[in-house]
There are 2 protein chains.
Amino acid sequence: MPETTTVPPEPHGDERASDRIIRHIEQQILSGTLPDRSPLPAERDLMEQFGSSRAVVREAISALGHRGLVEQRPRFRPVVRKPGVEAAFAAVGNIVEHLLGDENGVRNLYESRLFFEKALVRQAALHACKQDIDDLRTALAHNEAAIDDSEAFYQSDMAFHGVLYRIPRNPIFPAVHSAYTSWLAPHWSRMPRSPERNAMNFRSHAEILERIIERDADGAEIALRRHLDTAWEYVRVTFPSSSTPGRDTRS
Amino acid sequence: MPETTTVPPEPHGDERASDRIIRHIEQQILSGTLPDRSPLPAERDLMEQFGSSRAVVREAISALGHRGLVEQRPRFRPVVRKPGVEAAFAAVGNIVEHLLGDENGVRNLYESRLFFEKALVRQAALHACKQDIDDLRTALAHNEAAIDDSEAFYQSDMAFHGVLYRIPRNPIFPAVHSAYTSWLAPHWSRMPRSPERNAMNFRSHAEILERIIERDADGAEIALRRHLDTAWEYVRVTFPSSSTPGRDTRS
DNA sequence: ATCTAAATATGGTCCGACCAAAATGGTCAG
DNA sequence: CTGACCATTTTGGTCGGACCATATTTAGAT
């Protein structure tokens with residue numbers, strides 16, 4: 001019964017009634033007619049304005065919500081939120097969560113992060129300006145100061161990596177970082193922490209920074225790789241099913 | 001008016017009625033109870049099954065649609081679609097479209113792509129196996145064969161880069177590639193094409209491949225960088241307002 | 001058996017209503 | 001005047017029923 005091999009006809013290109021409203025509000029948001037952070041008009045007003053039923057209006061608002069153009073809390077007025085890179089990544093959150101279901105998904109994601117950050121430290125080593133170096137130094141200092149407080153260290157750890165993502169001065173990158181951390185956090189947090197591990201990570205960071213300062217791209221990349229590989233190894237032993245590195249992006 | 005100085009109460013952790021349905025169906029999809037490609041139960045059946053009104057059921061389905069778990073065409077039965085990495089990127093499509101509104105957004109995205117592909121060619125140079133090289137060679141050949149047909153060349157161009165994304169053997173990467181191409185396509189396609197440009201791009205690809213074969217990571221990276229920089233320059237002169245403010249729209 | 005036409009199932013839209021929580025406005029103690 | 005407190009009005013969330021147009025299925029004709 002499930003073998004209807006025929007080609008799906010796919011004839012229709014018509015639109016739902018809500019699409020019109022979506023487009024309209026969308027445009028109002030982008031044009032600034034509906035300023036950022038401002039509440040959307042009441043549903044009943046919208047239904048009058050567009051001459052549609054409330055159901056349609058609600059669907060439109062819901063769609064805008066899913067697209068990240070408005071933020072809707074259970075019983076509150078939807079609030080306009082101009083789209084940012086962060087919003088984009090937030091929108092995929094749910095799906096990524098599913099992809100992370102199997103350990104393999106986590107591995108893939110983590111490896112993509114490794115891949116990305118390898119390129120970041122290389123970039124940093126080659127092009128970091130004085131300010132960037134200072135930022136890294138500061139982050140590293142906070143790092144060291146938090147060695148005895150695992151929670152604080154976790155924060156400062158992320159912050160250190162975060163600086164790396166900011167160096168290219170591309171707003172997309174920090175968004176990528178926060179996406180990585182938020183997606184990987186659940187798996188990371190189940191990992192045991194200890195001042196010893198913190199100290200170890202601190203030293204890893206220190207070495208990376210050293211290489212960057214020396215403008216040693218290769219060295220920095222290697223240090224970063226070792227840093228993240230070690231961390232992954234920790235995850236691997238913490239979680240049972242992982243291993244079998246069929247093929248990887250490590251260098 | 002917007003100065004309710006108190007902290008947003010955020011009291012409610014309550015959920016909409018649709019959330020229950022969403023979770024349930026979500027789980028059914030993941031567990032395989034609702035197989036991939038199979039139609040969702042009728043709305044009226046669902047409303048009976050969950051004891052909710054149709055509005056709620058519809059909202060749930062709509063949400064699943066926006067999350068990429070089901071594919072809904074205007075007047076057809078929603079179809080289950082197990083989430084893949086592609087689905088994730090597809091979900092952000094709308095938002096990214098907005099981000100690309102200003103030329104700056106395009107530039108940021110394009111630069112992130114340059115950043116990513118630099119790392120890719122480096123990876124390729126260091127770790128590409130024979131098969132990978134062969135794939136690149138094949139893609140390059142298709143490239144050359146399509147020099148006189150700009151449309152075909154465009155396809156083979158993407159294909160060549162696509163091979164690069166597949167080399168790390170991480171399913172996330174090809175998804176990133178298709179995301180880049182689909183997002184950048186509208187801007188790219190408005191650029192004039194010509195056999196001359198095609199030939200030029202072909203030569204760029206050839207050089208990149210050469211460097212990869214020579215295991216010259218730095219050389220490959222430089223070649224790739226030059227390749228994409230040139231392409232961007234083309235975009236820059238094609239569109240009036242790009243970086244370097246003060247440019248005049250007259251051409 | 002194949003194709004066509006009626007019947008039904010189903011999604012899209014609309015209406016009107018109710019409830020509970022949120023926003024609003026006004027009162028009153030300090 | 002300020003700020004806590006309460007009554008009222010808005011407003012989002014949910015419900016139920018209804019109608020339409022199109023998909024899908026069924027039955028009938030060829």
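Of the candidate nucleotides D:dA23, C:dA21, D:dA18, D:dA18 has the atom lying nearest to any side-chain atom of B:R54.
For A:R44 against D:dG12, a side-chain N or O and a base N or O form a donor-acceptor pair under 3.5 Å.
Across the protein-nucleic acid pair, B:Q72 atom CD and D:dA23 atom P stand 16 Å apart, rounded to whole Å. Put simply, CZ on A:F76 is 12 Å from P on C:dT24, counting in whole angstrom units. Nucleotide C:dC14 holds its P atom 11 Å from the CD atom of A:E59, rounded to whole Å. Distance CZ (A:R16) to P (C:dG12): 6 Å, rounded to an integer number of Å. In this entry the distance linking CD of B:Q49 with P of C:dT10 reads 14 Å, nearest Å. The nearest whole Å value for the distance from the CD atom in A:E43 to the C1' atom in D:dG13 is 8 Å. Taking atom CZ of residue B:R75 and atom P of nucleotide C:dG11, one finds them 11 Å apart after rounding to whole Å. Rounded to whole angstrom, the span from the CD1 atom of A:I61 across to the P atom of D:dT14 amounts to 14 Å.
Mapping B:D45 and A:S52 onto DNA chain C via the closest heavy atom, the residue that lands nearer the 5' end is B:D45.
Regarding contacts with the backbone of D:dG13, a side-chain N or O of A:R58 is found under 4.0 angstrom from either OP1 or OP2. Residue B:S53 has a polar side-chain atom (N or O) positioned under 4.0 Å from OP1 or OP2 of D:dC15.
Residues A:Y180 and A:Y110 keep their aromatic ring centres 6.0 Å or farther apart.
Taking the centre and axis of the six-membered ring of A:Y154, the NZ or CZ atom of A:R193 falls inside the cone set by 45° and 6.0 Å. Remark: B:R73 qualifies as a cation-pi partner of B:F76 under the 6.0 Å distance and 45° angle criteria applied to the six-membered ring. For A:R197 and A:Y234, the positive end sits near the middle of the six-membered ring, less than 6.0 Å away and at most 45° from its axis.
Across all strands shown, A:R77 has heavy atoms under 4.0 Å from sugar-phosphate atoms exclusively, and none from any base.
Remark: A:M191 CE to A:W232 CH2 distance equals 9.0 Å, nearest 0.5 Å.
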